[in-house]
Amino acid sequence: MDINVRYFGRLAEIAGVDSELLSIENNVLSEALKKVTTRKPELEQELFAVFVNKKKAVNENTPLSENDELSLMPPFAGG
Amino acid sequence: MKINTIVALRRCLVDEFMRKCYLIEGELSEERIQAYSGSEKMRIGAKATFEGYVREDLINSSKVTALEFTAHPEIAIETAESLITKYITNYKLIDARIFHSLGKVDVGNKCFQVEVFASHRKEAFLALPEIVNEFKSTVPLFGKELLDDNTYVWKENKYE
């Protein structure tokens, strides 16, 4: 199934895209993150928060469904 | 007009009325921050305000000329609205509002404003710094410091 991955801030530069479709088979967050870092190994060195459908993911076992939105965010810098 | 359209329109109007966090393109000028007109205005005895500006920092001997903010607007607004609701409850505030810039803001201009409305100054003074600090560490906004040598540096607050 396909999910949509969105990159923010510095992560978008490292990934080379703001967003992309990712195909996964086991429908779990850990698999999606592994695919992301396999495609761009530099991301493995980065600290980031993960949101699934706009809610912060609490662990890597979070189940995913078709067309879910995964947002990867570096440390925040507002204010 | 169909029922669904009316319901959606009404929800949209209610959401707008209830909104407490605003992401605004460019600098926060006085015209862009409207005067408070909440329904409980007459109960307000104290208002405390924090204003954040883009500072002309030096980074490796280059001057910062502007900050450029990006965000996932829906997550940023939802996180900030939850934050405000929590502080209104915890400190028995009458209301609170947050304004933050998106896009490019030149040095010397305002990019962040937090307003706290309370019955008395004590609650307003206590709540304001906590809201400001929690906003900075929990609301997903990303800033690039644009430098006078045409390079840039990503601004970072640390996760807590």
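- Linking ILVMFWY side-chain heavy atoms closer than 4.5 Å, directly or via other members, places B:L128 and B:L83 in a single hydrophobic cluster.
- Contacts between residues 7-27 of chain A and chain B, counted as heavy-atom pairs separated by less than 4.5 Å, involve A:F8, A:G9, A:R10, A:E13.
- A chain of hydrophobic side-chain contacts below 4.5 Å, direct or via other Ile, Leu, Val, Met, Phe, Trp or Tyr residues, connects B:L23 to B:F50.
- Within the model, atoms CD1 of B:I75 and CZ of A:F51 stand 5.0 Å from one another, a figure rounded to the nearest 0.5 Å.
- By the 6.0 Å contact criterion, CZ on B:R121 is open, its count of non-hydrogen atoms from other residues, nucleotides or ligands being 12 or less.
- Note: the hydrophobic cluster containing A:M1 also contains A:V52 (ILVMFWY, side chain heavy atoms under 4.5 Å, direct or indirect links).
- Two different hydrophobic clusters hold A:V28 and A:V36 under the rule that ILVMFWY side chains link at heavy-atom gaps under 4.5 Å.
- Looking at B:T138, only its backbone comes within 4.5 Å of chain A, counting heavy atoms on both sides.
- Among residues 103-120 of chain B, the residues having any heavy atom closer than 4.5 Å to a heavy atom of chain A are, in sequence order, B:C111, B:F112.
- Transitive grouping of hydrophobic side chains (ILVMFWY, heavy atoms separated by less than 4.5 Å) brings B:V139 and B:I98 into a common cluster.
- The 12-atom threshold is exceeded at OH of B:Y36, counting heavy atoms of other residues, nucleotides or ligands nearer than 6.0 Å.
- In this structure, the portions of B:H72 lying under 4.5 Å from any heavy atom of chain A include both its backbone and its side chain.
- Contacts between B:A71 and chain A at a heavy-atom distance below 4.5 Å involve the backbone alone (N, CA, C, O).
- Close approach to chain B, defined as a heavy atom under 4.5 Å from one of its heavy atoms, is seen in A:E69, A:S71 of residues 57-72 of chain A, taken by number.
- A distance of 9.5 Å separates CE in A:M73 from CG in B:L141, rounded to the nearest 0.5 Å.
- Within the structure, salt bridge (charged side-chain N to carboxylate O under 4.0 Å, His left out) contacts touching residues 59-68 of chain B (residues at least two apart or in different chains) do not occur.
- Heavy atoms closer than 4.5 Å to chain A are found in the side chain of B:Y152, but not in its backbone.
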